[in-house]
Asks: 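Next up is a structure, given as structure tokens.
Here the structure is a predicted model, which is why all the values come from computation and not from measurement. When a residue number appears, it is its place in the shown sequence, counting from 1.
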Amino acid sequence: MEFKTFTAGTDDEGRRLDRVASRIMEGAGIRKSLFAEIRKGLVRVNERKSKPDQHINSGDKISIAAFLFSTTREESKVQAGSRHQEPQVISGEELKYIEENTLFRNSHLLILNKKAGISVQPSKGSGKSLSQMVESLWQQESHSQSLSFRPGPLHRIDRWTSGAIVFSQSLEGAKWFTKAMAEHKIKKTYIAVTEGFYGSTTEDYEDLILSEEKPLAEGGFSTVKVYPAQHQPIPREAKKAITHARTLQQRTINGRELSLVEFTIETGRKHQIRAQSAFHGHPLYGDTAYGGRKNAGDMFFLHAYKLEFPEDNPMEAPTLVTAPLSDIFFDFVLLNFKNAL
């Protein structure tokens, strides 16, 4: 039987054989789990029959039966319902976008200052996503020999939210960032414009968030549901969300009470700031999905302003990364909130 053989790299270290092998197939345009094929000996490690959950070491030779690659790409997409998208060459305009908005980059992490309106992940009708741009650039520049690793976003940020977002550039970077986030070693600070005046300088929110995934418009966006932390019974699949708000400045603008607010979050739930702020009486200005009033710019103002990393971190990331406000947000703040930042 004829086999095709691939060599594992450092970013494949510790990954399961079935996942690495399936990623190899995906790279060939075939979306297929190889769990059964591995058990049959059609996928081998160092010329030996192996188990699907065997962990791969750098330098291992992974051999896959050649006939498994004979499925046509169109057939494989139909059979598996794949959302796989072919790697795309990064355009000059996209390359310029990444270069102009890079806040930090090394072999492990890439931090970009995302503009509002660009989707992080591929979605219908949103054009090329930031993830696709980053992967295209990585494939173009990378000398990695990894069979399974691909760069990707390491935390959430909405399409219409601007600011700092972190992408992995290595498996080591992805693992470190994910662990540091889980241990609350990375601090994320946002700036937003909300409706109404606050009764105190600081407010702390601890609630439960349940993602309902109900489209609100034909264009397709969904909201989450917020419950008080003491709600009983606890809704199934609801997760704790903790947000801290600090008022920077409050102004009456065009007859509306608006506040410039700094938010820090301890958890990273979908729409966390938008949903919790609205739940506590302060929807983001322009965020009609959560009860905010429509504004002239037909957008809400939320910006991922700062990322703070622990000192002497192994990724050599700076202790503070600040993302300048995007053009429209900057102009609004400069015009209406004097010397607030």
Side-chain angles (χ1 to χ4, degrees), residues 114-120 123 125-126 156-163 188-228 241-265 269-305 323-341:
K114 187 185 87 68
K115 303 297 185 185
I118 294 181
S119 292
V120 175
S123 61
S126 63
R156 297 176 182 271
I157 188 168
D158 298 335
R159 177 180 178 181
W160 295 104
T161 300
S162 58
K188 295 195 291 184
T189 302
Y190 291 74
I191 298 293
V193 177
T194 69
E195 296 187 12
F197 288 169
Y198 291 73
S200 60
T201 304
T202 61
E203 292 190 4
D204 300 308
Y205 308 142
E206 183 171 336
D207 305 299
L208 298 171
I209 283 184
L210 176 64
S211 182
E212 295 186 312
E213 301 294 339
K214 292 182 179 178
L216 295 183
E218 191 174 328
F221 57 85
S222 58
T223 60
V224 300
K225 180 70 174 177
V226 181
Y227 297 87
I242 301 175
T243 300
H244 306 287
R246 182 170 73 92
T247 306
L248 301 177
Q249 199 173 109
Q250 301 186 143
R251 295 282 307 279
T252 299
I253 301 170
N254 296 327
R256 294 181 177 178
E257 294 182 348
L258 300 179
S259 299
L260 186 67
V261 183
E262 177 186 273
F263 289 101
T264 57
I265 58 176
R269 311 305 179 202
K270 179 179 179 180
H271 295 186
Q272 178 170 323
I273 293 174
R274 297 169 60 190
Q276 281 192 287
S277 189
F279 182 75
H280 290 276
H282 298 283
L284 270 59
Y285 179 46
D287 192 1
T288 56
Y290 287 97
R293 288 173 289 184
K294 189 173 182 178
N295 56 38
D298 198 22
M299 63 176 289
F300 59 81
F301 295 101
L302 180 61
H303 181 78
Y305 188 48
L325 294 178
S326 58
D327 295 339
I328 297 176
F329 199 164
F330 176 81
D331 290 343
F332 185 85
V333 171
L334 186 66
L335 177 65
N336 296 293
F337 297 97
K338 308 299 183 182
N339 304 315
L341 296 177

Asks: Apply the test side chain to side chain contact (heavy atoms under 4.5 Å, CB included) to residues L302 and W160: give CA-CA distance (whole Å), side-chain angles for both, the deciding distance (0.1 Å), then the verdict.
Replies: CA-CA 8 Å; L302 180 61; W160 295 104; over 6 Å; no

Asks: I'd like to check S277 versus L284 (side-chain heavy atoms, cut-off strictly below 4.5 Å). Are they in contact?
Replies: yes

Asks: Any sub-3.5 Å donor-acceptor pair from R159's side-chain atoms to G117's backbone N or O?
Replies: yes

Asks: Hey, what do you get for CG (L208) to OH (Y227), rounding to the nearest 0.5 Å?
Replies: 9.5 Å

Asks: Quick one: list whatever passes side-chain contact (heavy atoms from CB on, under 4.5 Å) with T252, sequence neighbours left out.
Replies: F197, E257

Asks: If every non-hydrogen atom of G163 is compared with every non-hydrogen atom of I157, which pair is closest and at what distance?
Replies: O-CD1, 4.0 Å

Asks: Contact between H244 and T202 at the side-chain level, heavy atoms closer than 4.5 Å - yes or no?
Replies: no

Asks: The criterion is side-chain contact (heavy atoms from CB on, under 4.5 Å); which residues satisfy it with N336, sequence neighbours excluded?
Replies: I253, F332

Asks: Hey, does L325 have a side-chain heavy atom less than 4.5 Å from the side chain of V333?
Replies: yes

Asks: I'd like to know whether F301 forms a side chain to side chain contact (heavy atoms under 4.5 Å, CB included) with D287, so could you lay out the CA-CA distance, the side-chain angles of the two residues, the decisive distance to 0.1 Å, and finally the verdict.
Replies: CA-CA 8 Å; F301 295 101; D287 192 1; over 6 Å; no

Asks: Which atom pair, heavy atoms only, marks the closest approach of N295 to G286?
Replies: ND2-CA, 3.4 Å

Asks: Could you walk me through whether Q250 and S259 pass the side chain to side chain contact (heavy atoms under 4.5 Å, CB included) check?
Replies: CA-CA 4 Å; Q250 301 186 143; S259 299; 3.4 Å; yes

Asks: So how far is it from K188 NZ to R156 CZ, rounded to the nearest 0.5 Å?
Replies: 9.5 Å

Asks: Nearest 0.5 angstrom please: I118 CD1 to S162 OG, how far?
Replies: 10.5 Å

Asks: To the nearest 0.5 Å, what is the distance between CD1 on I265 and OH on Y205?
Replies: 14.0 Å

Asks: Excluding sequence neighbours, so at least two apart, what forms side-chain contact (heavy atoms from CB on, under 4.5 Å) with A241?
Replies: I209, T267, R269, Q272, Q276

Asks: Measure the CG-CD1 distance between D207 and I242 for me, rounded to the nearest 0.5 Å.
Replies: 9.5 Å

Asks: Using the test side chain to side chain donor-acceptor pair (under 3.5 Å), find all partners of D331 that sit at least two apart in sequence or belong to another chain.
Replies: none

Asks: Checking F329 against M299 for the side chain to side chain contact (heavy atoms under 4.5 Å, CB included) test, could you report, in this order, the C-alpha distance in whole Å, the side-chain angles of both residues, the deciding distance, and whether it holds?
Replies: CA-CA 10 Å; F329 199 164; M299 63 176 289; 5.8 Å; no

Asks: Among residues at least two apart in sequence or on other chains, which ones pass salt bridge (Lys or Arg N to Asp or Glu O under 4.0 Å) with D158?
Replies: R274

Asks: Do T161 and F300 have side-chain heavy atoms sitting under 4.5 Å apart?
Replies: yes

Asks: Just verifying a value: how many Å separate I191 CD1 and L248 CG, rounded to the nearest 0.5 Å?
Replies: 5.0 Å

Asks: Apply ring-ring contact (aromatic ring centres under 6.0 Å, His included) to H282 and list each qualifying residue two or more places apart in sequence or on a separate chain.
Replies: Y198

Asks: Any side-chain to backbone donor/acceptor pair from T247 onto Q249? Under 3.5 Å, distance only.
Replies: no

Asks: With ring centroids as reference points, do Y305 and Y190 lie under 6.0 angstrom apart?
Replies: no

Asks: For F337, which residues count as a ring-ring contact (aromatic ring centres under 6.0 Å, His included) partner, sequence neighbours excluded?
Replies: none

Asks: Nearest heavy-atom pair of A275 and V226: which atoms, and what distance?
Replies: CB-CG2, 3.6 Å

Asks: Under the rule for ring-ring contact (aromatic ring centres under 6.0 Å, His included), what residues qualify as partners of F279, not counting sequence neighbours?
Replies: none

Asks: Residues two or more places apart in sequence or in another chain: which of them pass salt bridge (Lys or Arg N to Asp or Glu O under 4.0 Å) with E195?
Replies: R293

Asks: Under the ring-ring contact (aromatic ring centres under 6.0 Å, His included) rule, collect the residues that match up with Y290, sequence neighbours excluded.
Replies: H271

Asks: Restricting to side-chain contact (heavy atoms from CB on, under 4.5 Å), what partner residues turn up for T189, sequence neighbours left out?
Replies: K187, E262, T264, K306, E308

Asks: Output all residues satisfying salt bridge (Lys or Arg N to Asp or Glu O under 4.0 Å) with E206, sequence neighbours left out; order by chain, then residue number.
Replies: K240

